[in-house]
Participant: 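I am attaching a structure below and will ask some questions about it afterwards.
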Amino acid sequence: MRKVTLTKETTRDLLDSLLKRSPNNYGKYETAVNEILARVKKEGDTALFSYTREFDGAEITPETIRVTKEEIEEAYTLVEPELVGVIRSALVNIQAYHEKQRQNSWFTTTEKGTLLGQKVTPLNRVGVYVPGGKAAYPSSVLMNIVPARVAGVPHLVMTTPPGKDGKVNPATLVAANEAGVDEIYKAGGAQAIGALAYGTKSVPKVDKIVGPGNVFVALAKKAVYGYVSIDSIAGPSEILVLADETANPRYVAADLLSQAEHDEMASAILITTSRELAQKVEAEVEKFTEVLSRRDIIQKSLDQFGYILLAEDMDQAIEAANEIASEHMEIVTKNPFEVMTKVRNAGAIFIGEYSSEPLGDYFAGPNHVLPTNGTAKFFSALSVDDFVKKSSIVYYSREALQEIHKDIIQFATSERLTAHANSIAVRFEDEDGEKN
């Protein structure tokens with residue numbers, strides 16, 4: 001990890017380095033992604049099955065693309081009962097948290113005969129993409145499906161790449177079934193995003209696509225935005241730990257590595273006011289890295305995007321943290337709740353030495369689908385809000401409109417929109433004509 005003294009210049013250089021990880025810089029893959037999407041849009045299932053054969057090595061047909069009830073039942077026999085129990089416990093916490101986000105329609109009336117309001121309606125059909133390949137992420141399944149289900153989405157469609165045997169990871173299937181998904185299809189990559197966005201004979205078109213994926217999935221989601229809605233274009237994972245001399249260096253090191261193991265492009269940053277802590281954390285990181293199973297990935301991540309930033313005081317440290325706007329932020333200081341009130345930009349904030357980032361990934365309840373690459377300055381965690389749409393409701397009686405109709409006519413006329421003005425005027429032309 002690089003050790004850097006915090007200044008405005010070093011902060012700016014760090015931000016420039018981190019932004020190289022953004023999906024906006026994946027341009028060299030765009031041509032390939034666009035070709036895949038165009039072919040899926042034109043050929044439908046034919047292209048989808050062809051790409052599944054090419055990229056996943058699996059022979060999928062219209063009869064086998066949808067996961068059956070029997071395959072789900074088989075999955076339960078292949079997953080340890082203890083893990084099923086953990087999934088169910090996590091599900092309870094995640095659902096309880098997201099239920100507090102639910103919004104209701106509202107209406108307000110006046111004695112003059114007006115009614116204004118907002119009608120909250122769940123999306124009709126949502127597509128959830130779940131990565132496959134070398135690893136399975138049942139936690140991601142829960143985080144994407146639960147808020148949609150809480151929002152009231154009636155049709156939840158999931159796609160995930162199959163193995164060469166044409167089967168889906170059993171833990172993924174168990175998590176999806178427990179969370180309440182309606183349909184599961186064996187398709188991955190940009191081709192699955194295309195199928196969800198455009199629809200094929202086998203895979204239904206959806207209104208919104210959510211879920212993480214590799215660079216091809218990220219770019220495909222970006223490309224189909226407009227045909228459908230998307231949650232975000234997620235970049236590699238990142239963690240920032242804000243710590244002072246009271247922090248346990250062993251805990252801090254372990255938490256930094258919990259994100260570095262995700263990806264060679266993952267970022268792990270410590271900002272501290274204590275040079276002694278910085279040295280101890282650096283030593284602990286080296287010890288852990290030697291024994292952890294994903295040490296090669298961890299080391300490459302730390303070499304490229306691992307930083308220890310030394311701040312003069314906590315105010316400077318907080319200012320830098322707000323500029324970086326990390327996906328995950330841990331606050332391990334003498335007064336962590338006070339520090340938390342000064343944090344403006346972070347996807348999720350973990351307070352105190354026993355609130356390590358993996359607690360949020362798996363079990364606490366808040367969503368782990370979070371903004372990355374500085375987008376926490378203007379984006380939020382995935383929530384129930386992402387699965388509803390809001391319609392404005394307007395009702396005016398004749399008497400209520402009559403009272404203000406000339407104001408509207410004047411406003412519209414000032415903008416030279418005479419048809420707008422006329423739309424109001426025709427309703428009162430008899431009365432206004434008599435007065436004129």
Side-chain angles (χ1 to χ4, degrees), residues 92-128 143-157 179-180 182 205-210 225-232 341 344-345 347 365-367 369 371 375-436:
V92 169
N93 294 342
I94 297 166
Q95 182 160 331
Y97 180 88
H98 287 84
E99 282 178 348
K100 298 182 187 303
Q101 298 175 337
R102 188 187 285 121
Q103 294 189 43
N104 297 314
S105 300
W106 58 266
F107 303 94
T108 181
T109 60
T110 68
E111 294 179 356
K112 294 180 179 179
T114 68
L115 181 148
L116 300 175
Q118 181 172 267
K119 184 176 183 293
V120 179
T121 308
L123 302 181
N124 182 53
R125 183 177 283 113
V126 167
V128 177
M143 292 294 182
N144 282 278
I145 293 175
V146 170
R149 183 58 77 201
V150 170
V153 175
H155 304 290
L156 278 169
V157 179
D182 298 300
K205 183 185 186 308
V206 301
D207 301 312
K208 184 165 187 170
I209 301 173
V210 301
Y225 179 67
Y227 288 95
V228 293
S229 177
I230 62 172
D231 52 350
S232 64
T341 64
R344 299 189 308 276
N345 305 321
N367 209 287
V369 180
T375 60
K377 290 180 178 179
F378 43 83
F379 283 145
S380 306
L382 190 71
S383 73
V384 172
D385 282 350
D386 288 291
F387 300 98
V388 299
K389 52 192 179 68
K390 302 167 184 178
S391 303
S392 300
I393 302 297
V394 180
Y395 165 79
Y396 265 57
S397 67
R398 177 181 176 82
E399 292 74 18
L401 181 60
Q402 185 175 32
E403 186 175 323
I404 49 86
H405 78 282
K406 290 185 178 180
D407 292 339
I408 302 172
I409 291 171
Q410 183 177 0
F411 215 149
T413 302
S414 75
E415 294 185 350
R416 299 181 180 180
L417 296 175
T418 55
H420 280 64
N422 185 61
S423 174
I424 298 295
V426 295
R427 286 165 166 78
F428 303 98
E429 55 191 355
D430 292 341
E431 295 98 315
D432 292 347
E434 289 174 3
K435 291 177 183 178
N436 294 331

Participant: Show every ring pair (Phe, Tyr, Trp, His ring centres under 6.0 Å) that has at least one partner inside residues 381-408, sequence neighbours left out.
Facilitator: H405-F428
Participant: If a pair satisfies salt bridge (charged side-chain N to carboxylate O under 4.0 Å, His left out) and one of its residues is in residues 376-396, list it, with sequence neighbours excluded.
Facilitator: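 Pairs touching residues 376-396 that pass the test: K208-D386, E323-K377.
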Participant: Is it the case that the side chain of R102 and the backbone of H98 share a donor-acceptor pair, with hydrogens and angles ignored and the cut-off at 3.5 Å?
Facilitator: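 Between the backbone of H98 and the side chain of R102 there is no qualifying donor-acceptor contact (under 3.5 Å).
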Participant: In the structure I gave you, are the side-chain heavy atoms of V228 and Y225 within less than 4.5 Å of one another anywhere?
Facilitator: no
Participant: Could you tell me which residues satisfy ring pair (Phe, Tyr, Trp, His ring centres under 6.0 Å) with Y97, sequence neighbours excluded, listed by chain and number?
Facilitator: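 Expected list: none.
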Participant: By side chain to side chain contact (heavy atoms under 4.5 Å, CB included), which residues pair with D182, not counting sequence neighbours?
Facilitator: R149, L156
Participant: Is the backbone N or O of V384 less than 3.5 Å from a side-chain atom of Q101, with the two atoms forming a donor-acceptor pair by type?
Facilitator: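 Yes.
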Participant: State which residues pass salt bridge (Lys or Arg N to Asp or Glu O under 4.0 Å) with D207; sequence neighbours excluded, sorted by chain then number.
Facilitator: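 Salt bridge (Lys or Arg N to Asp or Glu O under 4.0 Å) list for D207, sorted by chain: empty.
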Participant: Using side-chain heavy atoms (C-beta onward) and a distance below 4.5 Å, is R427 in contact with L401?
Facilitator: yes
Participant: Quick one: side chain to side chain contact (heavy atoms under 4.5 Å, CB included) partners of Q95, sequence neighbours excluded?
Facilitator: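 Once residues adjacent in sequence are excluded, the partners of Q95 under the side chain to side chain contact (heavy atoms under 4.5 Å, CB included) criterion are E99, V146, V150.
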Participant: Sort and list the pairs that fulfil ring pair (Phe, Tyr, Trp, His ring centres under 6.0 Å) and have at least one residue in residues 104-126, not counting sequence neighbours.
Facilitator: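 The answer is none; no pair qualifies.
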Participant: side-chain hydrogen bond (donor to acceptor under 3.5 Å, both in side chains) with R398: which residues, sequence neighbours excluded?
Facilitator: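 Result, side-chain hydrogen bond (donor to acceptor under 3.5 Å, both in side chains) vs R398: E431.
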Participant: Which pairs would a plain distance check flag for residues 110-126, meaning a side-chain donor or acceptor within less than 3.5 Å of a matching protein atom at least two apart in sequence or in another chain?
Facilitator:
residue, atom, partner, partner atom, Å
T110, OG1, K112, N, 3.4
T110, OG1, T114, OG1, 2.7
K112, NZ, E403, OE2, 3.2
K119, NZ, T121, OG1, 3.1

Participant: For a 4.5 angstrom cut-off between non-hydrogen side-chain atoms, does P147 reach N367?
Facilitator: yes
Participant: Heavy atoms, side chains only, cut-off 4.5 Å: are M143 and I94 in contact?
Facilitator: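 Touching, per the 4.5 Å side-chain cut-off.
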Participant: Does R344 have any side chain to side chain contact (heavy atoms under 4.5 Å, CB included) partners at least two apart in sequence or in another chain, and if so, which?
Facilitator: N322
Participant: Test of understanding: with side-chain hydrogen bond (donor to acceptor under 3.5 Å, both in side chains), list the residues that count as partners of H155, not counting sequence neighbours.
Facilitator: none
Participant: Name every donor-acceptor pair, under 3.5 Å, that has one atom in a side chain of residues 412-420 and the other anywhere in the protein, sequence neighbours excluded.
Facilitator:
residue, atom, partner, partner atom, Å
T413, OG1, I409, O, 2.7
S414, OG, F411, O, 2.6

Participant: V210 vs V369, test: side-chain contact (heavy atoms from CB on, under 4.5 Å). Steps then yes/no.
Facilitator: CA-CA 9 Å; V210 301; V369 180; over 6 Å; no
